[in-house]
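Down below is the structure, laid out as structure tokens.
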Amino acid sequence: MEGLFVATPSPALVEMVGAAGYDVVILDAEHALVSPETLQDMIRAAEVSGVAPWVRVPEHDPGFVLRALDGGATGIVVPHVRCRADVEAVVRAARYAPEGMRSLNSGRMVGHGRVDLATHVVTANARVTIVAMIEDAEALAVIDEIVTTPGLDMVLEGAADLSQSLGVPWRTRHPLVRRAVEDVHAACERHGVRFCALPRVPADVHRWRARGVRDLVLGEERSLAVRAFRSRVSEVRGHSRELRSHGEVIEHAVAAPEPVCLFSYDLAALQDHARAVVGALPERCRMFYAVKANSDERVIAALDGIVAGFEVASGGELAVVGEAAPDAAVLLGGPVPTDAELAAGVAAGVTRVHIESLLGLHRLSAAATAQDTTADVLLRVNLAGPFPAATLAMAGRPTQFGFDEADLPAAVHAATALPGLRLAGFHLHSLSNNLSPTTHLAMLGHYRDVVVGWEERFGVRAEVVNVGGGIGVDYAALDTPFDWPAFCRGLADLVETFPPHWREIDFECGRFLVARCGVYAAEVLDVKRTHGHAYALLRGGTHHFRLPASWQHSHPFHVVPVEAWPEGRPRPEVVDEEVTVCGELCTPKDTLARAPVARLRAGDVVVFEAAGAYGWDISHHDFLRHPHPQRVFLGP
């Protein structure tokens with residue numbers, strides 16, 4: 001069953017829900033002011049459009065239950081069920097004897113007398129579905145009594161109100177709330193009662209279906225409509241309604257009076273790429289987005305529901321994910337989170353925390369116990385290696401990252417002994433920008449061997465192994481990307497060798513997901529020569545796009561010729577020779593590329609490709625106080 005809450009008092013809207021293919025429409029008479037006449041028409045609209053009309057009644061009002069059923073409702077959703085008696089009262093009102101004491105009448109349910117009452121009574125009890133919503137902490141203590149109430153057909157989780165009842169208002173992913181929902185599901189499983197989930201992001205749908213849950217309420221029509229309206233008008237700051245490609249963005253900027261200086265991000269292309277990446281992963285493997293690569297809220301919102309969640313490394317990143325993707329799963333890491341950041345993560349209900357030192361474990365323990373909860377922790381370890389060659393190495397040599405393997409015994413002891421902590425597994429992020437699927441698979445095989453050895457040595461079982469990111473982008477050969485399909489085929493075979501109790505193998509990629517969705521474009525302000533070498537000076541530079549200087553590479557670019565030029569001014573150019581492309585800063589390190597060009601003139605636009613990751617976010621924006629670039633987001 002796939003259902004949808006509808007709170008707008010509109011029969012036409014109910015018809016649209018039926019036309020969209022939902023199985024059930026839950027007409028909300030608890031939170032919406034719906035007149036009896038309008039509710040009756042909404043039920044008729046459901047019947048016409050082929051969707052089952054259920055009604056969420058106010059509290060446990062037997063009189064309202066009777067009127068809804070006599071009006072044609074085929075299901076009753078009971079909010080705030082706190083005890084068995086709440087369900088018994090509704091069953092009594094909703095079913096005829098001997099199962100209940102529903103009052104008889106000869107209204108529309110019997111065709112105003114065309115159907116014999118005795119015949120109607122025989123079929124009506126089986127036709128009605130009674131659903132209990134669990135939204136209160138007191139219900140959890142008696143959940144087995146509730147789900148075994150005779151006449152109850154289904155239980156629907158209510159994580160939003162549960163969060164408030166549990167003292168963590170509106171944090172639907174807080175560990176307390178998640179455990180409560182899991183307890184409700186487990187009780188339904190024990191007693192053979194249908195459990196209905198209320199997934200908040202697509203990843204939740206996949207998670208529940210993987211566990212055999214087939215009854216889902218897929219949100220409410222008002223929030224879905226608002227999201228659709230926002231997407232359609234694209235009025236969110238920085239989005240473009242008219243422009244549909246990077247080329248159009250640049251052409252539009254060329255026509256403006258100011259020199260061209262902009263980032264353009266194609267969010268639709270980003271989503272397509274992310275779906276392909278996630279879709280290729282084998283069972284047990286999950287892809288999280290490393291927010292550090294591009295922390296803009298529009299990028300995060302575009303990836304929400306496609307990736308399994310987000311990896312954050314600071315309180316600031318935690319906050320932006322909370323705004324852009326409030327229901328998403330979050331992994332909190334970073335080399336040295338503060339007490340305040342850990343407390344904020346615990347309060348926000350992060351899924352897991354990656355800890356890199358003994359002091360960090362004590363800090364997390366204090367944060368969790370102060371909030372009377374338990375935090376799942378992964379220990380990040382700086383392995384000895386050897387590792388493949390890559391642009392950056394975080395392990396296999398002295399760095400500030402992770403536990404030294406020699407300190408692992410003390411770390412495991414602390415993670416299993418300190419209050420408020422639960423050791424869930426290990427985190428092994430050893431390098432960045434690996435370009436070889438073969439060597440990356442070999443590294444993951446090495447991870448398997450060392451973690452299995454730790455399990456045997458320390459008597460622990462890892463539920464989760466986080467293998468980090470490190471999947472690369474070859475900026476020198478963008479036409480030959482990392483072969484992700486081949487990597488995933490090899491990964492599927494490798495995962496078969498992982499212990500079955502490793503229920504999750506997490507990736508946390510950043511660059512690989514977002515690099516190619518963006519370009520950085522800057523106008524050539526001047527072309528000059530010194531000591532026999534040509535230089536093109538841009539309106540822009542490393543204060544906007546620091547990646548080339550950070551990695552000391554020549555970033556790939558192409559030239560967009562611009563014919564317009566002020567009459568009477570000289571127009572310097574280079575033709576068929578190497579040029580160094582520089583920015584407007586007072587330092588020789590403000591260099592973005594060095595490459596031969598066929599022709600490059602003052603007034604042309606240089607477009608740096610694959611600039612969606614580690615560009616604007618890592619740059620020293622206000623050095624010399626030049627204006628910031630325009631940032632344009634296309635779609636989705």
Side-chain angles (χ1 to χ4, degrees), residues 168 170-175 178 200-201 203-204 270 274 278 286-357 360-361 363-364 367-368 371 373 375-380 392 394 400-402 421 424-429 432 464-471 504 506-515 612-618:
V168 286
W170 321 130
R171 300 173 192 162
T172 57
R173 293 194 177 271
H174 191 280
R178 285 182 165 233
R200 285 158 177 81
V201 294
D204 287 343
L270 169 62
V278 171
R286 303 177 76 196
M287 175 62 72
F288 288 80
Y289 171 57
V291 172
K292 62 180 70 67
N294 186 325
S295 62
D296 190 275
E297 64 270 18
R298 287 149 290 196
V299 170
I300 293 167
L303 289 171
D304 186 26
I306 299 175
V307 295
F310 299 90
E311 182 267 331
V312 303
S314 72
E317 289 187 347
L318 177 66
V320 74
V321 171
E323 290 293 326
D327 289 320
V330 177
L331 311 178
L332 173 61
V336 59
T338 65
D339 289 341
E341 287 173 322
L342 291 171
V346 172
V350 298
T351 305
R352 283 181 290 279
V353 184
H354 305 156
I355 295 294
E356 306 195 20
S357 75
L361 288 170
R363 283 181 170 143
L364 179 60
Q371 299 184 44
T373 189
D376 281 358
V377 61
L378 300 188
L379 301 178
R380 180 174 180 178
L392 294 176
M394 277 75 76
Q400 68 269 46
F401 302 111
L421 302 185
F426 298 93
H427 178 279
L428 304 165
H429 182 45
S432 178
V464 179
V465 175
N466 187 309
V467 298
I471 307 295
E504 249 180 68
D506 290 345
F507 290 80
E508 47 184 57
C509 291
R511 180 192 328 275
F512 182 64
L513 291 177
V514 299
Y614 298 109
W616 174 248
D617 293 77
I618 65 168

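- Between A424 and L378, the shortest heavy-atom distance links the atoms C-CD2, 3.7 Å.
- Nearest approach of A329 to T351, heavy atoms of both residues: CB-OG1, 3.4 Å.
- Between I355 and L361, the closest heavy-atom pair is CG2-N, 3.5 Å.
- Atoms CG and CZ, on L331 and F310 in that order, are 10.5 Å from each other to the nearest 0.5 Å.
- A donor atom on one side chain and an acceptor atom on the other are not found under 3.5 Å apart for H354 and E311.
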**OP:** Begin from the C-alpha positions of V336 and R363 and carry the test side chain to side chain contact (heavy atoms under 4.5 Å, CB included) through to its verdict.
**Re:** CA-CA 10 Å; V336 59; R363 283 181 170 143; 4.1 Å; yes

Original post:
Can you check side chain to side chain contact (heavy atoms under 4.5 Å, CB included) on L364 and V346, steps first, answer last?
Top reply: CA-CA 8 Å; L364 179 60; V346 172; 4.0 Å; yes

Subject >> Full working for side chain to side chain contact (heavy atoms under 4.5 Å, CB included) between V312 and L332 >> reply: CA-CA 5 Å; V312 303; L332 173 61; 3.7 Å; yes

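- Between the E297 side chain and the V320 main chain, no donor and acceptor come within less than 3.5 Å of each other.
- Contact check for I471 versus L513: no side-chain heavy atoms found under the 4.5 Å cut-off.
- At least one donor-acceptor pair under 3.5 Å links the side chain of Q371 to the backbone N or O of A343.
- A donor-acceptor pair is defined here as one N or O able to donate and one able to accept, closer than 3.5 Å; such a pair exists between the side chain of Y289 and the backbone of N294.
- In terms of heavy atoms, G360 sits closest to L342 at O-CD1, 4.2 Å.
- Salt-bridge annotation for D376 and R352: absent, with no side-chain N of the basic residue lying under 4.0 Å from a carboxylate O of the acidic one.
- Side-chain atoms of H429 come within 3.5 Å of backbone N or O of G469 as a donor-acceptor pair.
- Annotation: the span from I306 atom CD1 to M287 atom CE amounts to 12.5 Å, rounded to 0.5 Å.
- F401 contributes atom CZ, which lies 11.0 Å from atom NE2 of H427 (distance to the nearest 0.5 angstrom).
- Residues I300 and A324 come closest through the heavy atom pair CG2-CB, 3.8 Å.
- The side-chain heavy atoms of V299 and L303, taken from C-beta on, include a pair separated by under 4.5 Å.
- The minimum heavy-atom distance between V278 and V307, with the atom names listed, is CG2-CA, 4.3 Å.
- Here the CG-CG distance, from L379 to L421, works out to 9.5 Å after rounding to the nearest 0.5 Å.
- Here the side chains of L318 and E341 are not in contact, with every heavy-atom distance at 4.5 Å or above.
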